[in-house]
Amino acid sequence: MQNQEIVKIIENLKGRKNYEEKRASKLGFTSLYAYFEDKISRKQKAIEDEQKELEAAKIENQSKPNKKSCGCC
């Protein structure tokens, strides 16, 4: 079953289709569909990783006690 989003992207390439086909074959993909499938999955993974980092940073900031600005304490 093909992902309609990928099919739509391939249909809308127009003048860049040859470029993307060459790039896909250079990177070792068997088809343009496989290339875009991998490209989309990498973007989704990057977004997920970024969200995890933001959540971890938010938790880290909440767990730190407030420090006073003066040096006497």
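Listed by chain and number, the residues in a side-chain contact (heavy atoms from CB on, under 4.5 Å) with S31 are Y33, A34 (sequence neighbours excluded). Partners of E20 according to the side-chain contact (heavy atoms from CB on, under 4.5 Å) rule, which considers only residues two or more places apart in sequence or in another chain, are L13, R16, R23, L32, Y35, F36, K39.
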Anything under 3.5 Å between a donor and an acceptor, one on a side chain of residues 43-58, the other on a protein residue two or more places apart or in another chain? List them.
none

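Sorted by first then second residue, the salt bridge (charged side-chain N to carboxylate O under 4.0 Å, His left out) pairs that include residues 24-33, not counting sequence neighbours, number zero.
Distance CD1/I40 to CG/N3: 6.0 Å, rounded to 0.5 Å.
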